[in-house]
Amino acid sequence: MGSAIEYNRRDIFKRAAAITVLAAGGGSLLAACAGGTGSSSGGGSASPGGGSAGNPFGVKASDPLDVVIFKGGYGDDYAKDFEAIYVKDYPGAKISHLGTTDIAGKLQPRFNAGSPPDIVDNSGASQLKLDVLAKNNQLTELTPLLDAPYLDDPTKKVRDVLLPGTLDAGTIDGKVWSLNYVYTVFGLWYSNKLFQEKGWTPPKTWDDFMTLCATIKAAGIAPFAHQGKYPYYANYTLMDLIAKQGGPDLFKRLDACDPTAYDDPAVKAGVTAFYEIMDKDYLLPGTNGMTHTESQTAWCQGKAAFIPCGSWLENEMIKITPADFDMAFLPVPSLAGDKMPPNTLRAGAGEPFIVPKQAKNNAGGLEFLRIMLTKEASGKFAAAANSLTVLKDGVGADVVLKPGTKSSSTALTAAGTNTFYYTYPDVQTEFDTALQAATADLCAKRIGPDQWIAAAKAAASKVKPA
């Protein structure tokens with residue numbers, strides 16, 4: 001991660017046992033999906049008319065392909081596997097590969113100069129802002145990809161094989177500007193080994209959660225840690241408490257940055273409940289100033305019982321997590337009177353891939369995305385990154401799930417269609433920055449629930465209606 005914002009940096013996840021789940025966990029509050037191919041070489045928007053049925057974007061086998069991958073929680077080895085598949089299909093192509101955590105630092109000068117890469121995993125703390133790129137006409141709109149033939153079964157379109165919600169975060173004003181590749185579940189995480197040793201039961205209600213926090217603190221362990229320098233992690237708990245309390249209608253208003261949504265009693269209930277963690281001194285000392293890796297390392301070391309995160313957590317901490325840690329996932333516990341069922345959780349697609357409009361091999365960038373959305377590529381990603389992709393039934397039963405992934409898959413199966421996914425972090429970055437600042441102040445007890453609500457409402461009031 002990196003600076004004040006880091007939403008989609010790996011957003012997203014999970015795999016074999018979850019596959020049935022994901023396919024079933026369809027409708028919910030999530031929208032449909034996307035997929036694709038390319039255009040002819042050179043900048044400009046893609047059009048399926050430039051090629052044949054087998055090569056809808058008119059990719060030239062000899063054209064080089066420039067690939068830039070965010071080297072975060074998923075690493076970048078999976079992309080090298082994809083590149084090998086691409087070269088198999090287009091043997092004359094020379095691949096240029098860059099894995100980096102500094103997407104904006106490396107690529108902003110190239111975008112400014114009109115010479116961006118052909119395909120970019122635009123994730124991380126320094127990701128390029130999707131809404132800014134779209135407004136500046138610097139991206140290829142991906143509808144042609146979605147309408148292109150699915151490589152494993154050309155009778156289907158790419159859009160037909162994607163999990164629900166895949167396109168939500170990448171859609172602005174009805175147009176699809178990024179393809180989110182990893183399917184993620186968000187909530188709280190704990191060590192099942194620790195809980196079994198202590199005889200603790202994972203809480204289903206917020207009252208049970210707070211009672212357990214008191215027991216945990218008495219045992220000499222901090223109940224809760226969060227990635228303090230990146231307050232959007234804390235919002236995975238705070239904003240989810242509000243959504244579950246208020247129900248689908250309030251969730252939609254919150255996601256649309258409707259200022260009046262913050263007058264709803266559910267907002268006060270959710271913020272007040274979350275503030276109890278600070279008010280009762282349940283935070284890991286120092287966590288407000290920690291980076292994601294610092295707080296997650298402390299958690300892996302048993303210094304804290306719970307931490308909020310997306311399901312990239314297991315792979316990101318794989319080198320630090322004790323072998324017998326037995327990582328486990330927990331949906332945000334329910335408040336009394338919630339309008340969403342207890343098993344409801346935030347889930348959706350993340351890790352956004354973009355094809356720059358001025359890319360030299362625009363067609364190749366789109367074709368690379370189409371290749372990513374095959375069972376072969378999806379299986380390779382699952383094996384390398386311990387996560388699910390947005391491809392329906394994209395991972396075979398032969399893939400062995402790690403404990404955290406298996407746990408999140410189980411929770412996703414239990415949720416069924418009871419899922420939701422906030423898109424404001426991707427399409428309203430100024431609002432999200434202000435909301436994160438308010439949450440940082442709340443976690444540091446510089447403000448209370450009423451002041452947080454006032455700050456959130458003021459930030460939403462500055463958002464111009466679409």
Assess the residue pair Q296 and E316 against the criterion (side chain to side chain donor-acceptor pair (under 3.5 Å)); give the C-alpha distance rounded to whole Å, side-chain angles, the decisive distance to 0.1 Å, and a yes or no.
CA-CA 9 Å; Q296 290 162 193; E316 185 170 58; 3.0 Å; yes
Ignoring hydrogens and geometry beyond distance, is a side-chain donor-acceptor pair present between [X] and [Y] at under 3.5 Å?
X: S387; Y: N315; answer: no
X: D118; Y: N361; answer: no
X: K357; Y: N362; answer: no
X: Y230; Y: Q436; answer: no
X: N235; Y: T439; answer: yes

Using the ring of each side chain (for Trp, its six-membered ring), is [X] parallel, tilted or perpendicular to [Y], with breaks at 30° and 60°?
X: F186; Y: Y236; value: tilted
X: Y422; Y: F420; value: perpendicular
X: F368; Y: Y86; value: tilted
X: F325; Y: W299; value: perpendicular
X: F209; Y: F306; value: tilted

Do [X] and [Y] have side-chain heavy atoms sitting under 4.5 Å apart?
X: Y282; Y: I216; result: no
X: F111; Y: P356; result: yes
X: V68; Y: I119; result: no
X: N122; Y: F353; result: no

Might you point out which heavy atoms bring S295 and Q227 nearest each other, and give the distance in Å?
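Distance-wise, the nearest heavy atoms are OG-CG, 3.2 Å.
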Smallest separation among heavy atoms of N386 and T405, with atom names
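The pair with the smallest heavy-atom distance is O-OG1, 3.3 Å.
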For L373, which of T166, D152, L179 qualifies under side chain to side chain contact (heavy atoms under 4.5 Å, CB included)?
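One option only clears the test, and that one is L179.
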Would E376 and K88 count as a salt bridge (charged side-chain N to carboxylate O under 4.0 Å, His left out) here? Give the steps.
CA-CA 13 Å; E376 180 183 7; K88 211 168 17 175; 3.7 Å; yes
Got a sec, which residues hit side-chain hydrogen bond (donor to acceptor under 3.5 Å, both in side chains) with D77, two or more places apart in sequence or on another chain?
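So D77 forms no side-chain hydrogen bond (donor to acceptor under 3.5 Å, both in side chains) with any residue.
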Would you please test Y421 and D255 for side-chain contact (heavy atoms from CB on, under 4.5 Å) and show each step?
CA-CA 9 Å; Y421 185 64; D255 201 35; over 6 Å; no
Checking W177 against T171 for the side chain to side chain donor-acceptor pair (under 3.5 Å) test, could you report, in this order, the C-alpha distance in whole Å, the side-chain angles of both residues, the deciding distance, and whether it holds?
CA-CA 6 Å; W177 300 108; T171 300; over 6 Å; no
Which residues pass the side-chain contact (heavy atoms from CB on, under 4.5 Å) test with T293, not counting sequence neighbours?
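Only T291 meet the side-chain contact (heavy atoms from CB on, under 4.5 Å) criterion with T293.
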According to salt bridge (charged side-chain N to carboxylate O under 4.0 Å, His left out), who are the partners of D153, at least two apart in sequence or on a separate chain?
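So D153 forms no salt bridge (charged side-chain N to carboxylate O under 4.0 Å, His left out) with any residue.
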Starting from the C-alpha separation in whole Å, work towards a yes-or-no answer on salt bridge (charged side-chain N to carboxylate O under 4.0 Å, His left out) for D66 and K360.
CA-CA 9 Å; D66 191 347; K360 292 180 181 178; over 6 Å; no
Using 0.5 Å steps for rounding, measure from the CZ atom of F251 to the OG1 atom of T344.
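Taking CZ in F251 and OG1 in T344, the distance rounds to 11.5 Å.
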Start with the C-alpha distance between T237 and L188, add both sets of side-chain angles, then the distance that settles side-chain contact (heavy atoms from CB on, under 4.5 Å), and finish with yes or no.
CA-CA 8 Å; T237 301; L188 298 177; 3.5 Å; yes
